[in-house]
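Below is one structure, written out as structure tokens; the observations come after it.
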Amino acid sequence: MSKKIAFITGITGQDGSYLTELLLEKGYEVHGLIRRSSSFNTGRIDHIYQDPHTPHQKLKLHYGDLTDGVNMTNLIHEIQPTEVYNLGAQSHVQVSFSLPQYTAQVDAVGAVSLLESIRASGAKCRYYQASTSELYGSTPPPQNEKSIFQPRSPYAAAKLMAYWCTVNYRDGYGIHATNGILFNHESPRRGETFVTRKITRAVARIALGSKEKLFLGNLDAIRDWGYAKEYVESMWLMLQQDKPGDYVVATGVGASVKDFAEASFAHVGLNWKDHVELDKRYIRPTEVDALIGDPSKAEKEIGWKAKTQWKALAELMVEADLEKVKSNSN
């Protein structure tokens, strides 16, 4: 078996950290792109970090930026990866309304920069593009690979460009380029400003004595929530296929924000209505009512199927946040 070398953008994010763990377990040499910061921003991968002075290290980090095409080309040439996973993005939908140009530069132009670096360098690698269920926007569920894209945010619009450029580089240049259209996937490593983690962190603090209120926006929005640790395996499986393609990854089950909040509070014996208040500041200019994926193609072609449904996921995240709040208070 030839040596497997992976290059991951967004390695310090939720998905990047889980994917890194998976690939290291499979014997890969993993390279990750990180942004320069005056403070440490590698918390999610600190437990697997390897000192640069370690002989034969399997995890190597590189400073860079997706929007810097020269930097990307140099890194591809230096690393010579066999697999590239583009997980780097400004991934917060609400924030994209405030930072539309930045979101477009990173999520759309950044993906093109990476694809062009692969093409220009002639690298013999397989490419994974982290697409999103937000592409479907106002298209009624269930959504699959043939559903119409109707993006409803600058984030979704930027990701749509990245999606089609991935297809274009696949068709035009013969690059083994695949889109993983992942529906919402959460975990204890989810960013604290995302609604699921915002809920479970508040539940943990309130259960342990806090008198705070949890402020939420659209309680009726329905999402298909899965477990990120399981979802990264689908990314790897996609790049093991002989032919590239596009795949929806989802549980096939939807729940509202209210459902998620209710289940999270119920797990600690509380009534969500006593602790949740609405705040119009969290309502998006253009809302997406319901995203529920049809993962039948992924199940059939790559052999992937979700194991954790949304309610079990909510309870898993609440338990993790309870432990975190307890440890921080000691």
Side-chain angles (χ1 to χ4, degrees), residues 1-34 44-45 48-50 56-62 64 66 69 71-89 107 110-132 159 162-163 165-182 185 228-247 249 298 301-304:
M1 181 179 178
S2 59
K3 185 179 181 182
K4 291 293 189 77
I5 302 173
F7 176 45
I8 304 173
T9 70
I11 195 171
T12 60
Q14 169 189 252
D15 293 7
S17 65
Y18 282 124
L19 180 62
T20 299
E21 289 175 345
L22 177 70
L23 296 180
L24 288 174
E25 288 172 4
K26 293 183 178 295
Y28 280 65
E29 178 180 303
V30 178
H31 295 254
L33 185 72
I34 59 172
R44 293 186 182 96
I45 58 172
I48 52 175
Y49 174 75
Q50 296 175 354
H56 313 296
Q57 64 180 129
K58 290 293 186 179
L59 175 59
K60 303 177 183 180
L61 303 179
H62 306 264
L66 269 172
N71 175 229
M72 289 300 98
T73 301
N74 288 340
L75 283 174
I76 293 295
H77 179 74
E78 174 190 343
I79 297 166
Q80 290 294 305
T82 55
E83 296 173 8
V84 174
Y85 295 87
N86 184 27
L87 312 183
D107 297 11
V112 176
S113 171
L114 192 48
L115 282 162
E116 181 62 10
S117 296
I118 293 170
R119 184 202 67 79
S121 66
K124 302 300 181 184
C125 63
R126 297 183 175 190
Y127 175 84
Y128 173 86
Q129 171 61 34
S131 288
T132 169
K159 281 289 192 176
Y163 172 94
C165 284
T166 299
V167 173
N168 183 249
Y169 273 72
R170 179 171 72 214
D171 294 344
Y173 301 115
I175 295 174
H176 191 297
T178 287
N179 280 295
I181 310 172
L182 272 59
H185 45 291
K229 188 173 182 179
E230 297 171 4
Y231 278 41
V232 298
E233 184 182 17
S234 74
M235 303 175 184
W236 177 77
L237 285 169
M238 289 178 208
L239 293 198
Q240 308 318 303
Q241 305 307 304
D242 291 335
K243 294 182 179 180
D246 307 311
Y247 298 90
V249 175
E301 295 190 8
I302 68 173
W304 183 91

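In this text the structure is predicted, and so the values were computed from the model without any measurement. All values below were derived from every heavy atom in this structure, side-chain atoms included, with hydrogens, water molecules and symmetry-related copies excluded.
A 4.5 Å side-chain heavy-atom check between Tyr169 and Val112 finds at least one atom pair inside the cut-off. Counting heavy atoms from C-beta on, the side chains of Val249 and Met238 come closer than 4.5 Å. By the 4.5 Å heavy-atom criterion applied to side chains, Lys60 and Glu29 are counted as neighbours. Residues Ile5 and Ile79 meet the side-chain proximity criterion, which asks for heavy atoms closer than 4.5 Å. Between Ser17 and Thr12 there is no side-chain heavy-atom pair separated by less than 4.5 Å. At least one side-chain heavy atom of Leu114 sits under 4.5 Å from a side-chain heavy atom of Phe7.
Closest heavy-atom contact between Ala6 and Tyr28: CB-CD2, 3.9 Å. Of all heavy-atom pairs between Gly64 and Asn71, the closest is CA-OD1, 3.0 Å. Minimum interatomic distance between Leu59 and Thr20 (heavy atoms only, all atoms of both residues): CD1-CG2, 4.0 Å. Nearest heavy atoms, Leu66 versus Leu33: N-CD2, 4.2 Å. For Ile11 against Gly32, the heavy-atom pair with the smallest separation is CD1-CA, 3.5 Å. Across all their heavy atoms, Gly27 and Lys58 have their closest contact at O-NZ, 4.2 Å.
Gln241 contributes a side-chain N or O that, together with a main-chain N or O of Leu237, makes up a donor-acceptor pair within less than 3.5 Å. Between the Thr9 side chain and the Leu87 main chain, a donor and an acceptor come within less than 3.5 Å of each other. Between the Asp107 side chain and the Lys159 main chain, no donor and acceptor come within less than 3.5 Å of each other. At distances below 3.5 Å, not a single donor-acceptor pair connects side-chain atoms of Ser131 with backbone N or O atoms of Ile181.
A side-chain donor-acceptor contact under 3.5 Å links Glu301 and Tyr247.
Remark: His176 NE2 to Leu239 CG distance equals 6.5 Å, nearest 0.5 Å. One distance of note links CD1 of Ile8 with CG of Asp15; it measures 10.0 Å at 0.5 Å rounding. With values rounded to the nearest 0.5 angstrom, Ile34 atom CD1 is found 5.0 Å from Leu61 atom CG. The structure places OG1 of Thr166 at 10.5 Å from OH of Tyr128, a figure rounded to the nearest 0.5 Å. A distance of 9.5 Å separates CD of Glu116 from OG of Ser121, quoted to the nearest 0.5 Å. Between atom OH of residue Tyr18 and atom CE of residue Met235 there is a gap of 12.0 Å, rounded to the nearest 0.5 Å.
Checking Lys26, Arg126, Lys124, Lys4 one by one against Glu83, the salt bridge (Lys or Arg N to Asp or Glu O under 4.0 Å) holds for a single residue, Lys4.
Partners of Ala111 according to the side-chain contact (heavy atoms from CB on, under 4.5 Å) rule, which considers only residues two or more places apart in sequence or in another chain, are Asn86, Tyr127, Gln129, Ala162. Partners of Glu21 under the salt bridge (Lys or Arg N to Asp or Glu O under 4.0 Å) rule, at least two apart in sequence or in another chain, are Arg189. Applying the salt bridge (Lys or Arg N to Asp or Glu O under 4.0 Å) criterion to Arg170, with sequence neighbours excluded, gives Asp246. A search for salt bridge (Lys or Arg N to Asp or Glu O under 4.0 Å) contacts involving Glu230 returns nothing, not counting sequence neighbours. With sequence neighbours left out, His77 forms a ring pair (Phe, Tyr, Trp, His ring centres under 6.0 Å) with no residue at all. Partners of Tyr231 according to the ring pair (Phe, Tyr, Trp, His ring centres under 6.0 Å) rule, which considers only residues two or more places apart in sequence or in another chain, are His185, Trp304.
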Test log, rule side-chain contact (heavy atoms from CB on, under 4.5 Å), inputs Cys125 and Ile118: CA-CA 8 Å; Cys125 63; Ile118 293 170; 3.7 Å; yes
Would you sort out whether Tyr85 and Leu23 count as a side-chain contact (heavy atoms from CB on, under 4.5 Å), showing the intermediate values? CA-CA 11 Å; Tyr85 295 87; Leu23 296 180; 3.9 Å; yes
